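Lettering follows sequence order; numbering is per chain, from 1. Please read all numbers here as calculations on a predicted model, not as lab measurements.
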Amino acid sequence: MSAARGLTANAVKTGDALPELAVDVTATTVVLGALASRDWRPMHHDKDFAVNRNGTRDIFLNTPNQAAWFERYITDWTGPTGRLGRMKFRMKDSVFPGDRMVFCGSVKGVGTDDVGCSWVDLDVEVRVEDKTMTQCEVRVALPENEGDNPWRRKGSDWRP
Amino acid sequence: MSDLPSEVLGWIDEKRYLEEGEFDVERGYVFNTCAAVQNGNPLFWDEKVAQELTGGWIAPPTMLSAWFRPHYWAPGRTREVQPLQVHFDLKATLELPEAVMTDNTLILGEPVRPGDRLRTWQVLRSVSEPKTTKLGRGRFWVIDVEYENQRGESVGKESYTGFGYRRDAQ
């Protein structure tokens, strides 16, 4: 087995829980994420603008950076052979500096498509205290076994 | 939807803002993104792993939109250039000064690799009736964004739901 390998689909079952990930959000977290995603809009770096124009209590995590956090959370679990196919998230409230965001998730389903690709469907969310800030549905391809690699799939063999 | 300006109605299902990224996909932004979220996935840090699994370096799949966000400033530019221009067109035309994104869907295709030069376009799918939320009164809209590489392969699609609004005091 290569050192690069990760989770295989045959080791996953519906109802499995993903390990939680807790992150203390600072202004730097928000600004780093915004600038890394090339999002220059002021509500992600200028508190005065966020408060007085957007009506929020502070600057807040931007959308592409939330996607990047979800990607990191999921591939921490799958390892590098996990290949994201689909991600849908709803931001119910904003994440601000001072929040401790906690990622958690569970396996909603495991299956194989018509071209033999193994898929795991996940429900994931970001919580701050007891409140769900963002809900996310994810479809990630995993190797069926240690000889498989979803990254090799192209064209009609990749059906996210 | 009948109370919408005809200009906005005409945008629905129309392919707009077909454009090429301002720069090639490059690893500097990959590192910035990984650092911002503490992503230690060896695909982005370990060339041996990248070579073995993905045939070389790739970018994190969720970075799609980053490759199209315009530079904050560029020589000779006389007006602000916005990333999701249809969103800003709606804000301006519907006179809704503020906006937030509420939903985002990504469907990921071929991996994006350093050196790729991507193309994109935007399609407005729908605009809601006026709604009132805790932020203010406005409308929700759905915009699809498609991305392809220089070989015409789809590298992904995104769908954004935005809420453009006017605060009570505005």
Side-chain angles (χ1 to χ4, degrees), chain A residues 2-6 21 23 28-41 43 53-56 60 62-73 75-76 78-94 134 136-137 139 149-152 154-155 158 160, chain B residues 29-44 46 48-55 58 60-73 82-83 97-111 134-136 153 156 158-161 165 167-169:
Chain A
S2 161
R5 295 288 168 172
L21 169 70
V23 179
T28 304
T29 314
V30 176
V31 174
L32 267 180
L35 298 190
S37 52
R38 297 175 54 80
D39 186 343
W40 327 120
R41 289 174 301 165
M43 63 281 257
R53 285 288 305 275
N54 281 96
T56 55
F60 53 93
N62 70 328
T63 305
N65 185 234
Q66 290 211 31
W69 275 109
F70 279 118
E71 177 177 351
R72 176 258 162 115
Y73 177 61
T75 56
D76 275 3
T78 63
T81 43
R83 181 178 177 184
L84 287 174
R86 185 180 285 256
M87 180 184 286
K88 178 178 184 179
F89 58 94
R90 168 161 291 183
M91 293 166 284
K92 301 170 78 169
D93 211 335
S94 300
T134 305
C136 183
E137 297 172 16
R139 188 163 167 76
N149 176 8
W151 290 104
R152 292 199 196 109
K154 289 178 69 75
W158 178 246
Chain B
Y29 270 106
V30 170
F31 291 130
N32 287 345
T33 296
C34 289
V37 298
Q38 300 161 33
N39 185 348
N41 189 334
L43 284 182
F44 314 122
D46 184 329
K48 183 170 176 288
V49 175
Q51 198 62 48
E52 177 184 340
L53 294 183
T54 53
I58 63 167
T62 57
M63 283 189 71
L64 274 181
S65 66
W67 310 118
F68 292 97
R69 291 180 182 268
H71 303 315
Y72 184 72
W73 175 90
Q82 303 288 2
E98 313 305 338
V100 292
M101 291 298 176
T102 62
D103 293 59
N104 181 221
T105 301
L106 292 106
I107 302 170
L108 299 159
E110 281 297 303
K134 67 181 180 182
L135 289 172
E153 299 166 321
E158 280 194 281
S159 182
Y160 288 95
T161 301
Y165 62 97
R167 295 175 67 192
D168 292 343

field: Structural part of B:Asn104 lying under 4.5 Å from a heavy atom of chain A
entry: both
Toward chain B, the part of A:Asn54 with a non-hydrogen atom under 4.5 Å: both
Chain A contact via B:Tyr160 - which portion, at a heavy-atom distance below 4.5 Å: side chain
- prompt: So, A:Asn65 side chain and A:Ala34 main chain: donor-acceptor pair closer than 3.5 Å or not?
  reply: no
task: May I ask you to name which of A:Pro64, A:Pro150, A:Gly33 has the most heavy-atom pairs under 4.5 Å with chain B?
output: A:Pro64
message: Less than 4.5 Å to any heavy atom of chain A: does that hold for the side chain of B:Phe31, its backbone, both, or neither?
response: neither
message: For B:Ala99, which atoms come within 4.5 Å of any heavy atom of chain A: side chain, backbone, both, or neither?
response: backbone
- prompt: Tell me, side chain or backbone of A:Asp39 under 4.5 Å from chain B's heavy atoms, or both, or neither?
  reply: both
message: Taking every non-hydrogen pair under 4.5 Å, which of A:Arg72, A:Arg38, A:Arg86 racks up the most with chain B?
response: A:Arg38
field: B:Gln82 versus chain A, the contacting section by heavy-atom distance below 4.5 Å
entry: neither
message: Is B:Pro60 close to chain A through its backbone or its side chain, or both, or neither, when contacts mean heavy atoms under 4.5 Å?
response: both
task: Counting only heavy atoms closer than 4.5 Å, note whether B:Ile58 contacts chain A via side chain, backbone, both or neither.
output: side chain
- prompt: Between A:Trp69 and chain B, which part of the residue has a heavy atom less than 4.5 Å away: side chain, backbone, both or neither?
  reply: both
message: For B:Leu106, which atoms come within 4.5 Å of any heavy atom of chain A: side chain, backbone, both, or neither?
response: both
message: Please verify the inter-ring angle class for A:Trp40 with B:Tyr72; under 30° counts as parallel, over 60° as perpendicular, anything in between as tilted.
response: perpendicular
field: Residue part contacting chain A, namely of B:Thr33, when any heavy atom lies under 4.5 Å
entry: both
statement: Applying a strict 4.5 Å limit to non-hydrogen atoms, the region of A:Arg139 in contact with chain B is neither
